[in-house]
Structure formats: C-alpha cells, structure tokens
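Residue numbers start at 1 and run along the sequence shown. What you see below is based on every heavy atom in this structure, not just the backbone, and it leaves out hydrogens, waters and symmetry mates.
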Amino acid sequence: MAGRSLTSVNFARVDGRHAGAMADNLAAADARSDTQPTLPYTAIGGAQTVQALAHRFYALVGSDPAYAELRALHGPDLDAIADSLAGFLSGWLGGPRDWFESGRGCIFSLHGAVPIDHRTAGQWADAMARAIAAETRIPPRIAEEMQDKLGRMARAMAPRGETAS
C-alpha cells in the first residue's frame with residue numbers, strides 16, 4: 001500500500017473494507033512507510049479482543065458504583081448492548097463492518113433520545129479507558145489513541161453549553 005494514502009474523512013477503503021476514523025489515523029502513518037498498513041483491529045487481535053473489551057466495559061458499568069448514573073441509562077441485561085458495542089468497535093477499528101451495514105445509522109443519532117449529560121459521558125469515557133487499559137493485547141499506542149478518540153466521542157454526546165457536574 002506504499003504510495004497510497006488514506007483520506008481524512010471518517011471512513012476510507014482499505015483492502016476492500018471501510019476503515020473507521022481510528023483505523024484511518026493509525027493506518028495513514030503506516031501508509032507513509034514501505035510496509036503494508038496494519039489496521040488497529042488486526043493489531044489488537046481482532047474479534048476476540050474486541051469482544052473481551054466490550055464485555056469488560058459493560059462489566060465495569062454494571063458493577064462499579066462510580067458508574068451508577070451511566071448504568072441507569074441501560075436496560076437490565078447488558079449482554080446485548082455489549083455485543084452491539086463490539087460490533088461498532090470492530091468496524092470503527094477497521095474490522096468487519098456488519099454493525100455499520102446493518103442500517104443502525106449514526107452513533108450520535110442512535111443516542112439522541114438517551115439523556116446523556118456531561119457526568120454520564122464522563123463515566124462512559126472513564127469506564128472505557130479502564131477497560132482498554134486492562135486489555136493487554138492492545139498495544140500502548142493504539143490504547144492511547146482509542147482512549148482519546150472514544151472519550152471525545154462520548155463527551156460530544158452531551159448537550160453543548162451544559163456544564164460538567
């Protein structure tokens with residue numbers, strides 16, 4: 001893939017698949033070298049790691065009192081939403097895009113009716129950062145970028161102009 005760069009839009013094609021913004025940033029750095037870019041999805045270990053990450057995240061949300069407000073926004077069973085998160089993360093990291101191609105729409109519009117505020121967005125970002133940090137299969141550079149981008153995405157779901165509590 002040397003000589004071919006990825007665009008700065010949210011999704012670019014890489015080897016016949018669409019790669020999410022996370023994949024764009026890391027693969028673009030690899031594209032400047034003579035090596036074949038490695039998508040974050042592949043670099044972290046694929047489906048097994050993504051599933052473990054999503055389920056670890058929701059285990060934290062379901063068990064740690066620090067995330068009580070965030071937990072209250074979810075139904076009684078967190079397994080289905082953990083699987084959905086794994087599907088989103090897979091495509092976002094440059095893996096299979098089944099979640100995106102299922103017609104669910106934009107992640108922001110899906111959460112439009114959920115009363116997310118700065119506190120719950122911060123809880124989501126913190127729980128995700130902890131889940132990522134606990135996953136030893138995720139290389140540090142990718143873990144740092146995931147924590148940053150997912151944290152910013154979560155915080156962007158809170159209404160503008162609202163102050164953090």
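In this structure, the side chain of Glu135 does not engage the main chain of Leu53 through any donor-acceptor pair within 3.5 Å.
Residues Leu73 and Pro115 share a closest heavy-atom pair of CD2-CG, 3.6 Å. Nearest heavy-atom pair, Ala82 versus Ala54, reported as atom, atom and distance to 0.1 Å: O-CB, 3.3 Å. Residues Ala125 and Gly151 share a closest heavy-atom pair of CB-CA, 3.7 Å. In terms of heavy atoms, Ala127 sits closest to Val61 at CB-CG2, 4.1 Å. The minimum heavy-atom distance between Pro159 and His118, with the atom names listed, is O-NE2, 3.4 Å.
Atom-to-atom distance recorded for Met146:CE and Ile132:CD1 is 4.0 Å, nearest 0.5 angstrom. With rounding to the nearest 0.5 angstrom, the OG atom of Ser84 is 8.0 Å from the OH atom of Tyr58. Separation of atoms CD (Gln147) and CD1 (Ile142) is listed at 12.0 Å; rounding is to 0.5 Å. Within the model, atoms CE of Met128 and CZ of Arg56 stand 10.5 Å from one another, a figure rounded to the nearest 0.5 Å. Taking CG of Asp83 as the reference point, atom CG of Leu78 lies at 11.0 Å (rounded to 0.5 Å).
Note: Phe88 and Phe100 have tilted aromatic rings, judged against thresholds of 30 and 60 degrees for the angle between ring planes. Classification of the Phe57-Trp124 ring pair by plane angle, with boundaries at 30° and 60°, yields tilted.
A side chain to side chain contact (heavy atoms under 4.5 Å, CB included) with Ile116 is found for exactly one of Gln123, Met157, Glu69, namely Met157.
Taking the side chain as every heavy atom from C-beta outward, Leu39 and Leu93 never approach each other to under 4.5 Å. Residues Pro96 and Tyr41 are in side-chain contact: their nearest non-hydrogen atoms beyond the backbone lie under 4.5 Å apart. Side-chain contact check for Leu89 versus Leu150: some heavy-atom pair is nearer than 4.5 Å. The shortest distance between side-chain heavy atoms of Arg137 and Ile44 does not fall below 4.5 Å. Asp79 places a side-chain heavy atom less than 4.5 Å from the side chain of His55.
Between Arg141 and Glu145 there is no salt bridge, since none of the side-chain N atoms of the basic residue sits less than 4.0 Å from a carboxylate O of the acidic one.
Using modelled atom types, one finds a donor on one side chain and an acceptor on the other under 3.5 Å when comparing Tyr67 with Arg130.
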With side chain to side chain donor-acceptor pair (under 3.5 Å) as the criterion, how do Ser90 and Trp99 come out once you've worked through the C-alpha distance, each side chain's angles and the decisive distance to 0.1 Å? CA-CA 8 Å; Ser90 289; Trp99 187 93; over 6 Å; no
